[in-house]
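Take a look at the structure below.
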Amino acid sequence: MTFSEFSPTQPVILGFDPGKDKCGVAMMGLDRQLHYHQVVLSREAIATINNLRQRFPVSLLVMGNQTTAKHWKQQLQQELVEPLNIVLVDERYSTLEARDRYWQMYPPKGLTKLLPQGMRQPPRPIDDIVAILLIERYLSRLTESVNS
């Protein structure tokens, strides 16, 4: 679990990568400053999101649009303490991209450095990094529509 200092006046986006057994959760400011990321058990995901919303000024939730998205979106809308706008983002190839991002965030040490990047497996689940990428994809889409 990682935190950084933040200004409570700045809204943050909650990234959510839902899964059957585990989910990735991330909090990022509009300035792309990462405030929090963690992998949680699926059964604890909604409670975790409710807790984070008490500590961060969450403006919306961004999640992937693939397999379980419809089910999770419905569950979130029913079970969150306060309603929250939920935006679905294209999550294709996000797991592959997350693996590369993991090694950027946590450079390999020891013998792992000698392996080609494509052969390295992160030593922990990377669902939280997928959640970070989903927020970044959403923000990129916003800036593209403003600039075009």
Leu84 versus Leu60, closest heavy-atom pair with distance: CD1-CA, 3.9 Å
Nearest-0.5 Å distance, CG of residue Leu41 to CG of residue Asp21: 8.5 Å
N/O donor-acceptor pair under 3.5 Å between Ser59 side chain and Pro11 backbone: no
Reported CG-to-OH distance for the pair Asp90 and Tyr138, which is rounded to 0.5 angstrom: 15.5 Å
Pair Glu136 + Arg101, salt bridge at N-O below 4.0 Å: yes
From Lys73 atom NZ to Thr68 atom OG1, the distance as rounded to the nearest 0.5 Å: 13.5 Å
Side chains of Gln117 and Asp100, donor plus acceptor under 3.5 Å: yes
Between CG on residue Leu134 and CG on residue Asp17, distance to nearest 0.5 Å: 6.0 Å
Any Leu88 side-chain heavy atom under 4.5 Å of Gln66 side chain: no
Pair Glu97 + Arg137, salt bridge at N-O below 4.0 Å: yes
Contact check, side chains of Ile86 and Leu76, non-hydrogen atoms, under 4.5 Å: yes
Close side-chain approach of Val87 and Leu61, heavy atoms under 4.5 Å: no
Mutual orientation of the aromatic rings belonging to His37 and Tyr106 [parallel < 30°, tilted 30-60°, perpendicular > 60°]: tilted
Donor-acceptor contact below 3.5 Å, side chain Asn50 vs main chain Val81: yes
Sub-4.5 Å side-chain heavy-atom contact between Leu30 and Ile13: yes
Spatial distance of atom CD (Gln38) from atom CG (Leu52) [nearest 0.5 Å]: 8.0 Å
Min side-chain heavy-atom separation Ile132-Leu34 under 4.5 Å: yes
Check against side chain to side chain donor-acceptor pair (under 3.5 Å), Gln104 and Tyr102: CA-CA 5 Å; Gln104 288 170 13; Tyr102 176 87; over 6 Å; no
CG/Leu111: more than 12 non-hydrogen atoms of other groups inside 6.0 Å: no
Minimum side-chain heavy-atom gap Met27-Ile135 below 4.5 Å: no
Pair Ser140-Arg32, side-chain donor/acceptor within less than 3.5 Å: yes
Within 6.0 angstrom of Asn85 CG, more than 12 heavy atoms from elsewhere: no
Same apolar cluster: Val39 and Ile129, side chain cutoff 4.5 Å: no
Cluster link Val130 to Leu139, ILVMFWY, side chain under 4.5 Å: yes
Phe56-Phe16 co-clustered via ILVMFWY side chain contacts under 4.5 Å: yes
Leu133-Met63 co-clustered via ILVMFWY side chain contacts under 4.5 Å: no
Check: Ser42 side chain, Gly19 main-chain N or O, donor-acceptor pair, under 3.5 Å: yes
Any side-chain heavy-atom pair of Gln121 and Arg99 under 4.5 Å: yes
Straight-line distance of His35 NE2 to Gln33 CD, nearest 0.5 Å: 5.5 Å
Val25 and Glu44, any side-chain heavy atoms less than 4.5 Å apart: no
Main-chain N/O of Glu82 paired with Arg53 side-chain donor or acceptor, under 3.5 Å: yes
Short side-chain to backbone donor-acceptor contact, Arg120 and Thr112, under 3.5 Å: yes
